[in-house]
Amino acid sequence: LAENRFLGFSKDITERKMLETTHNFLLHSGYGRPEEDFFAALARHLGDTLGVYYVCIDRLSGDRLTAQTVAVYCDGHFEDNLEYTLADTPCGMLLDQSFCFFPHRVAELFPGDPALRELQADSYIGTTLLGFDGRPIGLIALLDRKPMKDSRLAETLLRMISVRAAGELERLQGMNALRKSFEVQTVLREIAQAAAICPSIEELYATVHRLIARVLPARIFYFAFVDEATNRVHVPYCSDEMDYVPRGRPVGRGLTEYVMRLGRAVHITAEAIEKLMAAGEITLRFAKQLDYLGAPLLTPQGKPIGVLAMNLPAGHEVFSNEQVDILAAVAAQVSLAIIRKQGEEALAESEARYRALIEQAPEAILVIEPQSGVILETNTRFTERFGYDLRHDGPLRAQDITLDSTENVEALLERSQRIGALPMQRRVVRHRKGFLVEVERSATVVRYRNRSLLTVTLRDVSDEIRREREIHRDAQL
């Protein structure tokens, strides 16, 4: 009998299973776990499927000089997102080509990238994520601590998921843009409210800083104004953790004056600052290695009065074009808020001086609302001479202290509004105790407490009249 024999075949289907797993991942929206978003789930899937040490998924800044991670999966766990500069990194090379592969010694090939040394990375593979217009908007990078001998499977998986990942990234950017727009509008509204709520302009500066920090990186932030009377630049508010900003100096060719000359919001990099200095456009005595974002503060007539500015230390991160637009919108609202608050404080100071003059005057003075005849304020001399105290006797009307009829008083008040003053006349005022006091009265319409009021001066002439009568009586004798 023939001996029974069996013939068997085996085939490695590991790669096929990985592709099927990735296809199912994308088919089910890529959510590995309910609490994970798409990019976290994608990073986990790539790390676990390919067995690599480090996975990062990034979105690019508008100028494509920096990248912001949206998911980082390292050695089986997630790490915090971060922002980094693309120069001198393998990820930076992805901007000029859709795919990069370094099978071995990647840290030696990019000595200017300290992250590779910290991760002890030996191999790297990455792909660019393209937007609908074909421009790079993000990237996916895989790093491992051992060499990658064959990139075919990783490249296939990356190409397989790149279109979906790019679409999700554009959706995320769109949602972020909507949230940012809503937040900017909220900040603008709250700045307008702050102008009415803040008790002082110093408090307004601090409130504006706190609000702007919600939409812009405002760690080094300040207001600078040019005082034409003293020909100096003064900085009434500054949050400067690096001590970059001088608190005051003579007017010259600084960044504040440069922005005021431009009349618009501007982003100036450290390299651009060097060029402006070489061209004689600006002169800086202090830190030059900074990234600068500034916008002019303008009066309603368009005259620049100062600058709202913020700095970033050079070499860390840079401002974006979007942030220039945001600062321009914010500065316009801040200008209105500052001018309103300055006007309120100037008015309050003027009223305080006017009140001091009234109080120090040797004659009795009343402030009357001309439409109603209500006495709003009096000085101490009025209380001493005529006995009335508004704290206890108010409200008082002009008719209550004079012998003139109500019709005559109303006519005089109407006339004062029409011609702006009342001529000096001798009248009679009724003392609080009932006896009569002869006075010399004059009145002027003034702007006080943001409205037109009538300031009435009463000079007691009782003694003068008594002497006049005595002289007249003696002359008749």
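- Glu470 and Arg467 are not joined by a salt bridge, as no carboxylate oxygen comes within less than 4.0 angstrom of a charged side-chain nitrogen.
- One finds no salt bridge joining Lys275 and Glu271 here, because no Lys/Arg side-chain nitrogen approaches an Asp/Glu carboxylate oxygen to under 4.0 Å.
- Looking only at side-chain heavy atoms (C-beta outward), Ile137 and Leu130 stay at 4.5 Å or farther from each other.
- Ring pair Phe223/Phe225 is parallel by interplanar angle, where below 30° counts as parallel and above 60° as perpendicular.
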Chi angles and distances behind the ring pair (Phe, Tyr, Trp, His ring centres under 6.0 Å) call for Tyr292, His267 = CA-CA 6 Å; Tyr292 176 90; His267 170 216; 9.0 Å; no
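- Residues Leu458 and Val429 have side chains in contact (heavy-atom distance under 4.5 Å, counting atoms from C-beta outward).
- With rounding to the nearest 0.5 angstrom, the CZ atom of Arg381 is 8.0 Å from the CZ atom of Phe386.
- Residues forming a side-chain contact (heavy atoms from CB on, under 4.5 Å) with Arg261 (at least two apart in sequence, or on another chain): Arg253, Glu257, Tyr258, Glu281.
- A salt bridge links Glu464 to Arg459: at least one charged side-chain nitrogen sits closer than 4.0 Å to a carboxylate oxygen.
- Between the CG atom of Asn379 and the OG1 atom of Thr455 there is a distance of 10.5 Å, given to the nearest 0.5 Å.
- Residues satisfying the side-chain contact (heavy atoms from CB on, under 4.5 Å) test with Arg232, not counting sequence neighbours, are Thr230, Pro250.
- Residues Arg249 and Val233 form a side-chain contact, since some pair of their non-hydrogen atoms from C-beta on lies under 4.5 Å apart.
- Residues passing the side-chain contact (heavy atoms from CB on, under 4.5 Å) test with Leu82, sequence neighbours excluded: Thr69, Tyr84.
- With sequence neighbours excluded, no residue satisfies salt bridge (charged side-chain N to carboxylate O under 4.0 Å, His left out) with Asp88.
- Considering only heavy atoms from C-beta on, Leu297 comes within 4.5 Å of Ile338 through its side chain.
- Here the straight-line distance linking atom CG of Leu129 with atom OG of Ser98 works out to 11.0 Å at 0.5 Å rounding.
- Thr378 places no side-chain N or O within 3.5 Å of a backbone atom of Leu366 that could act as its donor or acceptor partner.
- A distance of 5.5 Å separates OG1 in Thr299 from CD1 in Ile339, rounded to the nearest 0.5 Å.
- Not counting sequence neighbours, the partners of Glu190 by the side-chain hydrogen bond (donor to acceptor under 3.5 Å, both in side chains) test are Arg214.
- Between Arg469 and Glu438 there is a salt bridge, since at least one side-chain N of the basic residue sits less than 4.0 Å from a carboxylate O of the acidic one.
- Scanning for side-chain hydrogen bond (donor to acceptor under 3.5 Å, both in side chains) contacts around Arg427 gives Asp404, with sequence neighbours left out.
- Listed by chain and number, the residues in a salt bridge (charged side-chain N to carboxylate O under 4.0 Å, His left out) with Lys303 are Glu228 (sequence neighbours excluded).
- When atom types are taken as modelled, the side chain of Asp400 and the backbone of Leu396 share no donor-acceptor pair closer than 3.5 angstrom.
- Applying the side-chain contact (heavy atoms from CB on, under 4.5 Å) rule to Gln399 yields the partners Arg397, Thr406, Val409, Glu410; only residues at least two apart in sequence or on another chain are considered.
- Shown here are the side-chain hydrogen bond (donor to acceptor under 3.5 Å, both in side chains) partners of Glu363, two or more places apart in sequence or in another chain: there are none.
- For the residue pair Gln68/Arg59, the side-chain donor-acceptor check at 3.5 Å is not satisfied.
- Side-chain contact check for Ser372 and Glu369: at least one donor-acceptor pair (N or O, by modelled atom type) lies under 3.5 Å.
- Residues Ile365 and Val456 form no side-chain contact, since every pair of their non-hydrogen atoms from C-beta on lies 4.5 Å or further apart.
- Residues satisfying the ring pair (Phe, Tyr, Trp, His ring centres under 6.0 Å) test with Tyr73, not counting sequence neighbours, are Phe78.
- Residue pairs meeting the side chain to side chain donor-acceptor pair (under 3.5 Å) criterion with at least one partner in residues 327-338, sequence neighbours excluded, are absent.
- With 3.5 Å as the limit, one finds no donor-acceptor pair spanning the side chains of Gln371 and Glu414.
- Ring geometry, His209 versus Tyr237: the interplanar angle exceeds 60°, so the pair is classed perpendicular (tilted spans 30 to 60°).
- Taking 4.0 Å as the cut-off between side-chain N and carboxylate O, Glu377 and Arg355 count as a salt-bridged pair.
- Separation of atoms OG1 (Thr89) and CG (Leu116) is listed at 8.0 Å; rounding is to 0.5 Å.
- Remark: Thr444 pairs with no residue by the side-chain hydrogen bond (donor to acceptor under 3.5 Å, both in side chains) rule, at least two apart or across chains.
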